[in-house]
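This one's a predicted model, so the numbers in the text were calculated from it and none came from an experiment. Every chain is numbered from 1 and lettered A, B, ... according to where its sequence line falls, protein lines coming before strand lines.
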Number of protein chains: 2
Amino acid sequence: MARKTGSHSDITGPKVREAALALFAQHGFAAVSMRQIAAEVGVQAGALYLYTKDKQSLLYDLMQAHMDDLLAAWEVEPKGDGALAHLEAFARFHIRFHLERPDAVFIAYMELRNLSDENFAAIEALRRRYEGELEAILRAGQAEGVITAPDIRLTTMALIAMLTGVNTWYREGGRLSRDAVADIYWDMVRGAVGA
Amino acid sequence: MARKTGSHSDITGPKVREAALALFAQHGFAAVSMRQIAAEVGVQAGALYLYTKDKQSLLYDLMQAHMDDLLAAWEVEPKGDGALAHLEAFARFHIRFHLERPDAVFIAYMELRNLSDENFAAIEALRRRYEGELEAILRAGQAEGVITAPDIRLTTMALIAMLTGVNTWYREGGRLSRDAVADIYWDMVRGAVGA
DNA sequence: GTCTATAGACTGATAGAC
DNA sequence: GTCTATCAGTCTATAGAC
């Protein structure tokens, strides 16, 4: 398993994605140059093309990895029994997961228009699958009679917007802990669906 | 009041802002060139600088005009009697106002990071003033005992995120009218604050 | 008020040396 | 695997003609 001197592919690859994530989140995809990313990693611009086909693919890979993480994490999240427990699990999971990776979340929401058409469609499909998870919970809750919602699809979108909104104002070390925030948001979610 | 041939300052100025608004919303501030804006208006790139100091000011002017419109429109909005009527008026106003100008809303949320520090501070101050309007309503509602909210500031942010979220999915001519959407969202707002 | 022309700098991506 | 050098194109903003 000896490795050539100067061979850092297993280190540089992740570093490229990390640097791109941070820079895209801060300045926006279009405003960041490949040279900036390279400088952050500590290589020359040309070297980046060993790790990504082009700038567009770099963005797409970041967004896809984020959505995959999200779906995989929700899949293994403990959900409790009954639709109401499911809903609570979803609300707390969503806030926790999103607060843990603000840069990726920011990019996933803000840079959709910088994706090529086919890349956009792929990310959009993953997003819909995630929304579908909440939608299914709400439908189950309605079937069980534990929630009231005149339009499930609309309630789905409203709740996700509300929960994701935490990322726009929450600051680490602020007035409230993540758990305290989640408690209050869960109360609001419950109220919004008449539970 | 005779006007020189070729003098279109009163027409071209607004057209520049309209074109910039549409293009920034579609492609993002950093991805749009002054040449693109000029082409949309029907002039050469150099002529744009008769109407804006630079690209940054163009963005700032659009965002400031949007926030000024928002605050002015809310100021003259009929609000009814009591905190609960106020809250309903705010929810319906917010949805209606934001759905009427999706491009400006999109830019006001997505392009904050492309503002210079002082321009950012100015826009942020206007945004806080708008948030303060809802916050005051919620505090009044709590004082009247008609709503329940463990943390007013947090409820403010949650409700604004939820209401603004309509813009991300609403499509003209879709399944629901604006009024029907507003009805359902008002129900959710009321539930979220325990009214 | 708008044009053309241009400055000076930056862009994404590639080729070839090591 | 990374570097240097470079291509061909883009960018914002300005100067000066009309």
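Cation-pi contact between A:R128 and A:Y130: absent, since separation from the ring centre below 6.0 Å together with deviation from the ring axis within 45° is not met.
Using a 30° and 60° split on the angle between ring planes, A:W74 and A:F90 fall in the perpendicular class, above 60°. The aromatic rings of B:H98 and B:H66 sit perpendicular to each other, their planes meeting at more than 60°, with 30° as the lower class boundary.
Nucleotide D:dT10 holds its P atom 15 Å from the NZ atom of B:K55, rounded to whole Å. Rounded to an integer number of Å, the gap from A:R35 CZ to C:dT11 P is 6 Å. Straight-line distance from the CG atom of B:D54 to the C1' atom of D:dC11: 14 Å, rounded to whole Å. In this entry the distance linking CE of A:M34 with P of D:dT2 reads 14 Å, nearest Å. Distance A:Q36 CD to C:dT11 P: 7 Å, rounded to the nearest Å. Put simply, CD1 on A:I37 is 8 Å from P on C:dG12, counting in whole angstrom units. Rounded to a whole Å, the CD atom of B:Q44 is 18 Å from the P atom of D:dA15. Whole-Å rounding puts the A:L48 CG to D:dT4 P distance at 14 Å.
Judged purely by atom type and a 3.5 angstrom limit, B:R127 uses its side chain to pair as donor or acceptor with the backbone of B:A108. Looking at A:T168, its side chain does come within 3.5 Å of a backbone N or O of A:G165 through a donor-acceptor pair.
Backbone-only engagement by B:V32 is indicated by non-hydrogen atom pairs under 4.0 Å involving sugar-phosphate atoms exclusively.
Residue whose closest nucleotide on DNA chain C sits further toward the 5' end, between A:S33 and A:A47: A:S33.
Taking only side-chain nitrogens and oxygens, B:T12 never comes nearer than 4.0 Å to OP1 or OP2 of C:dG1. Between A:Y49 and D:dC3 there is no side-chain N or O to OP1 or OP2 distance below 4.0 Å.
In this structure, a donor-acceptor pair under 3.5 Å is absent between the side chains of B:D61 and B:Q64.
Across all non-hydrogen atoms, the minimal contact from A:I147 to A:L138 is CD1-O, 3.4 Å.
Contacts with DNA chain D (heavy atom under 4.0 Å) in residues 23-30 of chain B: none are found.
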